Amino acid sequence: MSVLPATSREWHLVARPHGEPRAEDFALREAPVSAPGEGRVLVRNLYFSVDPYMRGRMNDVESYAAPFQLDHPMAGGAVGEVIASDAEGFAVGDHVRHQLGWREYAELPGEDAVKVDASLAPLSAYLGVLGMTGLTAYAGLFESASFKKGDAVFVSGAAGAVGSVVGQLAKIKGASRVIGSAGSDEKVDLLIEEFGFDAAFNYKNGPVAKQLEEAAPDGIDVYFDNVGGEHLDAALSSLNLYGRVAMCGMISQYNSTEPTAAPSNLILVISKRLRLQGMLAFDHFGLRQQFVQDVAGWLASGELEYRETVVEGIENGYEAFAGLLRGDNTGKMIVSVVP
Ligand SMILES: NC(=O)c1ccc[n+]([C@@H]2O[C@H](COP(=O)([O-])OP(=O)(O)OC[C@H]3O[C@@H](n4cnc5c(N)ncnc54)[C@H](OP(=O)(O)O)[C@@H]3O)[C@@H](O)[C@H]2O)c1
């Protein structure tokens with residue numbers, strides 16, 4: 001076994017944010033590194049993921065993911081290289097994905113690590129298009145929204161990790177029209193020019209309902225909701241009879257300190273016989289094999305493109321997370337641990 005590092009830097013939550021997270025709510029601290037125990041591996045993280053759902057874990061409320069504990073390292077998706085192993089099936093040099101991100105070195109049971117193939121795709125892709133956000137797009141569109149050929153699809157957060165994949169998958173599978181919304185004119189151009197959306201608009205440029213109506217004059221059959229609030233309201237108005245909504249995220253409300261208003265037009269669900277389906281990626285892990293096979297194929301054929309915004313250096317981990325909530329990213333926001 002080679003000489004192990006003595007310490008690892010890791011991001012702790014030190015105060016629970018009220019509204020927008022602030023730099024003072026987080027601290028980068030050093031912790032000792034230990035050799036892996038029986039059945040365990042020590043991983044040098046190369047990339048870790050920052051995701052909108054982590055904002056929810058910063059609150060002390062019961063949810064599908066446990067709250068982060070104060071003065072403990074935060075967690076989340078990461079990929080890295082095994083540097084010491086006492087776990088059957090794992091050797092030094094293996095690349096793995098696991099859930100102990102936000103730190104330089106992670107010591108964990110072998111059963112919590114999944115080997116990933118660096119020859120199939122760049123390692124960072126296993127946190128995005130070939131990872132959790134890609135699976136969310138795939139499962140949300142094909143299972144939760146019961147997408148079928150000929151559907152007109154609207155996706156919000158369309159230039160982000162989930163949204164950019166949703167729109168392209170809908171095109172690949174024969175959507176009649178794909179419309180996206182995003183928070184800058186540059187992102188809108190990218191949606192049309194690079195990702196092949198039929199129409200897109202900047203939700204900051206005017207009322208969402210009006211812009212959506214113009215972009216989808218014949219209405220929409222599927223709404224993939226990443227944003228909630230005004231976007232959901234507008235989508236309910238534009239949905240056709242028997243339309244379906246994959247309720248994936250509501251990022252416009254994650255920093256809210258007051259209760260948020262319900263859609264004012266929810267009654268349309270009855271007259272239009274709409275279906276609103278909440279979804280969580282981890283309920284769809286059974287799809288993983290099919291998902292990786294399909295998505296790797298579309299990446300190889302060039303039918304599917306993906307973007308990443310990589311923030312360099314573990315010391316910029318908080319700033320990457322804050323930037324994600326601000327919309328600094330195009331595609332998946334990722335922190336490269338080593339600058
Ligand atoms: N249900 C699940 O299992 C699951 C899994 C993964 C993700 N999600 C959800 O899916 C959504 C997208 O996640 P992601 O990982 O792909 O993140 P992302 O879209 O790559 O990044 C977040 C984006 O949200 C946009 N945003 C921020 N504040 C906004 C606001 N007030 N109104 C409209 N847009 C806003 C920003 O883009 P703009 O520049 O366009 O504003 C930002 O880039 C999130 O709601 C997330 O919680 C759910």
Side-chain angles (χ1 to χ4, degrees), residues 19-21 48-59 63-65 76-77 101 124 127-129 131-141 143-145 154-169 180-191 195 197 200-205 207-208 211-212 223-235 245-256 260 276-285 287-288 291 306-311 320-335:
E20 264 180 48
F48 67 86
S49 180
V50 288
D51 296 276
Y53 79 89
M54 292 171 176
R55 176 64 189 85
R57 298 191 69 181
M58 292 169 190
N59 299 333
S63 183
Y64 63 91
S124 55
L127 297 176
V129 68
M132 191 272 283
T133 55
L135 177 65
T136 303
Y138 185 94
L141 184 67
E143 292 209 327
S144 311
F154 170 47
V155 55
S156 53
V162 174
S164 59
V165 175
V166 169
Q168 294 180 84
L169 295 185
S181 70
S184 75
D185 294 347
E186 294 71 33
K187 288 185 182 182
V188 166
D189 289 346
L190 181 84
L191 292 179
F195 294 142
F197 284 53
F201 61 88
N202 178 350
Y203 67 87
K204 294 175 180 165
N205 281 351
V208 178
Q211 297 199 75
L212 177 58
Y223 172 45
F224 195 109
D225 192 15
N226 286 318
V227 166
E230 189 192 351
H231 272 86
L232 178 56
D233 215 284
V245 182
M247 315 251 325
C248 170
M250 296 201 173
I251 197 166
S252 69
Q253 304 179 4
Y254 293 173
N255 284 327
S256 300
T260 46
L276 278 58
Q277 178 67 57
M279 62 96 41
L280 285 172
F282 62 63
D283 289 338
H284 301 271
F285 280 176
L287 276 181
R288 257 183 176 163
F291 153 72
Y306 71 99
R307 283 280 188 112
E308 292 173 343
T309 301
V310 181
V311 171
F321 178 69
L324 173 77
L325 298 182
R326 280 196 302 264
D328 289 357
N329 61 307
T330 302
K332 182 77 190 87
M333 186 67 117
I334 284 170
V335 178

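Order of listing sets the numbers, starting from 1, for every ligand and every atom in it. Position 1 is the first residue of the sequence; numbering continues from there. Since we're looking at a predicted model, the values are computed, not measured.
Note on ring orientation: taking the six-membered ring where Trp is involved, the planes of Tyr64 and Phe282 are tilted (angle from 30° to 60°).
Side chain of Ser156 to main chain of Asn226: a donor-acceptor pair is present (N/O by atom type, distance under 3.5 Å, no hydrogens or angles).
Protein residues having a heavy atom under 4.0 Å from any atom of ligand 1 are Pro52, Met132, Thr133, Thr136, Gly160, Ala161, Val162, Ala182, Gly183, Lys187, Tyr203, Asn226, Val227, Cys248, Gly249, Met250, Ile251, Ser252, Tyr254, Met279, Leu280, Ala281, Leu324, Leu325, Gly327, Asn329, Gly331, listed by chain and number.
One distance of note links CG of Asp225 with CZ of Phe154; it measures 8.5 Å at 0.5 Å rounding. For the atom pair CG of Asn202 and NZ of Lys187, the computed distance is 9.5 Å after rounding to the nearest 0.5 Å.
No more than 12 heavy atoms of other residues, nucleotides or ligands lie within 6.0 Å of CD in Glu20, so this atom counts as exposed by the packing criterion.
Under a cutoff of 6.0 Å and an axis angle of 45°, Arg288 and Phe291 do not form a cation-pi pair.
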